[in-house]
Number of protein chains: 2
Amino acid sequence: MGKIERRETLLGELEQAQGLEALQAAIVGLRDHFRVDHMVYHWVSSNGEQFGCGTYSDAWVQRYVDRDYLRVDPVIIGCYQRFHPVDWKRLDWSSKAARAFQAEAIAHGVGNQGFSVPIRGPVGQFALFTVSHDCSDEDWVRFTEENRRDLILFAHEFNVRALELEPGRSPEQSRALSPREIDAMTLVALGYSRAQVAETLAISEHTLRVYIESARSKLGALNTTHAVARALSRGLIVV
Amino acid sequence: MGKIERRETLLGELEQAQGLEALQAAIVGLRDHFRVDHMVYHWVSSNGEQFGCGTYSDAWVQRYVDRDYLRVDPVIIGCYQRFHPVDWKRLDWSSKAARAFQAEAIAHGVGNQGFSVPIRGPVGQFALFTVSHDCSDEDWVRFTEENRRDLILFAHEFNVRALELEPGRSPEQSRALSPREIDAMTLVALGYSRAQVAETLAISEHTLRVYIESARSKLGALNTTHAVARALSRGLIVV
DNA sequence: CGACCCCTCGCTATTTTTGGGGAGGGGAAA
DNA sequence: TTTCCCCTCCCCAAAAATAGCGAGGGGTCG
């Protein structure tokens with residue numbers, strides 16, 4: 001069976017995958033398909049909960065969690081700010097903590113090469129699809145050039161499956177804001193004071209306050225800042 | 001030339017594409033490849049600026065912008081809250097405004113069927129890769145099932161190109177928040193008052209204030225609400 | 001070593017926001 | 001037609017956030 005056919009088969013299997021175990025099985029299949037040391041899908045849900053599957057050793061995963069390496073790992077830090085899939089070599093390993101982390105990772109069997117695809121969800125979800133391997137720089141460049149597109153595709157497919165696992169996320173859960181409320185909240189989110197917002201919208205400050213309070217009660221928020229946060233998280237306003 | 005080869009050729013061309021004109025040319029090529037009526041790539045940058053390329057008529061684009069249909073279009077509203085690529089039929093067209101919008105869109109040559117792939121960037125960018133066509137429901141289901149993966153792949157490729165067009169976006173432009181600042185801003189975003197946050201973090205309210213002000217200045221924000229909005233938009237905190 | 005950032009604490013005064021009332025006209029949906 | 005929501009305006013008192021000054025110990029990086 002050729003490479004393309006095998007890829008199609010794996011994609012088909014992934015589309016059928018239900019639940020975390022199936023994803024775990026799928027990622028092992030992918031690792032063998034790409035002939036790399038490790039493949040990991042890791043995901044931070046909108047409520048901060050973490051979740052993942054992959055082929056790293058349990059010891060490494062445990063250590064990673066215990067020591068809160070999320071805040072140290074240049075792969076995470078870099079990908080949080082990036083949009084493109086990225087080769088680990090292009091990340092910032094200059095800090096002392098990062099280098100110590102890297103050494104420890106390699107000691108735990110993580111390859112010296114890596115490639116990660118970041119993907120974001122609507123309410124702050126952040127997922128990382130990573131492939132890691134131990135080889136020379138040249139071999140790695142060749143590998144990533146050959147497989148970049150496939151990796152992106154698999155990353156996306158994993159995300160779709162993973163999102164299904166996220167509990168109780170109905171898009172219509174919150175009443176929409178009225179146009180005026182959206183205007184008001186947007187300007188407030190942009191840092192304008194109430195007086196400025198009222199002036200900008202050409203309404204009295206009292207009226208403005210009614211909008212803000214109305215939006216707050218619709219969003220179930222405790223105060224204006226909370227309401228802005230919720231409106232942003234739910235995509236009701238954009239700044 | 002077979003379909004797969006043609007796809008590979010188009011992907012190759014897209015990877016070479018530089019600038020908006022090249023993207024526009026690429027999207028026309030894609031439309032012909034997929035044999036659909038319209039294909040559009042549309043992107044809201046982190047500073048709110050909009051940008052797009054595609055095959056909709058100028059009249060429709062102009063009208064869309066003039067009437068601020070971004071706030072009405074169920075495709076935009078729905079995809080903002082969603083993660084998956086979505087068929088237009090699954091969106092909420094129940095409101096009067098939405099139906100009026102739909103009728104007008106179809107009158108302007110937009111197909112009755114559509115499929116959109118939402119993709120998000122690290123600092124609030126939001127992109128939508130859309131294909132639209134005029135055909136029966138059955139034909140459309142067949143089309144989307146056949147081409148879903150390819151559409152996702154092209155959406156991603158467009159994003160990579162588009163991000164290159166965004167001016168002066170260095171990943172390190174915004175200093176990261178310190179752990180304590182993240183704690184503070186997160187709790188503030190959750191609606192806690194300063195007193196409550198200080199108590200929760202077991203620090204004095206004065207110290208807390210230092211964190212908030214520090215975060216605010218790092219984020220270039222005008223006030224706390226603004227800082228929370230920016231931190232959320234940039235993915236520095238999650239609520 | 002010096003510079004820089006992180007964490008922690010303090011004071012006073014002013015400005016702003018919030019919470020509680022109430023009121024009327026217009027439009028859309030049931 | 002009635003009901004509900006949207007838009008607009010007003011007052012007052014209490015609570016909260018902001019602005020300005022200050023201090024010290026700890027770590028990392030060049």
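Naming convention: chains lettered A, B, ... in sequence-line order (proteins, then strands); numbering from 1 in each chain. Nothing here was measured: the structure is a model prediction, and the numbers come from that model.
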Exercise. List the atom of B:Asp134, the atom of B:Asp37, and the distance in Å for their closest heavy-atom pair.
Key: N-OD2, 2.9 Å
Practice problem: Ignoring backbone atoms, test whether A:Thr207 places a side-chain nitrogen or oxygen under 4.0 Å from the OP1 or OP2 oxygen of D:dC9. | Solution: yes
Quiz item: Looking at C:dT8, D:dT18, C:dG19, which one has an atom nearest to any side-chain atom of A:Arg216?
Solution: C:dG19
Exercise. Compare every heavy atom of A:Ala189 with every heavy atom of A:Ile237, then report the nearest pair and how far apart it is.
Key: CD1-CB, 3.9 Å
Quiz item: What closest approach, in Å, do B:His84 and A:Val160 show between heavy atoms, and which atom pair accounts for it?
Solution: CD2-CG1, 3.4 Å
Practice problem: Output the residues of residues 224-231 of chain A in contact with DNA chain C, where contact means a heavy atom of the residue under 4.0 Å from an atom of the strand; sort by number or write none. | Solution: A:Thr224
Quiz prompt | Nearest-nucleotide pick for B:Glu213, side chain only, options being D:dA19, D:dC7, C:dG19 | solution = D:dA19
Self-check item: Below 4.0 Å: OP1/OP2 of C:dT8 and any side-chain N or O of B:Ser204
Solution: no
Exercise. Side chain of B:Ile203 only, please: which of D:dC29, D:dT18, C:dC9 is the nearest?
Key: C:dC9
Quiz item: So, is A:Arg209 close to the C:dG19 phosphate, meaning a side-chain N or O under 4.0 Å from OP1 or OP2?
Solution: no
Quiz item: Any idea which of D:dC10, D:dC7, C:dC6 is nearest the A:Ser178 side chain?
Solution: D:dC7
Quiz item: Which listed nucleotide (C:dT17, D:dC9, C:dC7) is nearest to the side chain of A:Val210?
Solution: D:dC9
Exercise. Any salt bridge (Lys or Arg N to Asp or Glu O under 4.0 Å) involving residues 206-215 of chain A? Give me the pairs, sequence neighbours left out, ordered by first then second residue.
Key: A:Glu213-A:Arg216
Quiz item: Which residues satisfy the ring-ring contact (aromatic ring centres under 6.0 Å, His included) test with A:Phe143, sequence neighbours excluded?
Solution: A:Trp140
Quiz item: At under 4.0 Å between heavy atoms, what does A:Ser193 touch on the DNA or RNA strands: base, sugar-phosphate, or nothing?
Solution: sugar-phosphate
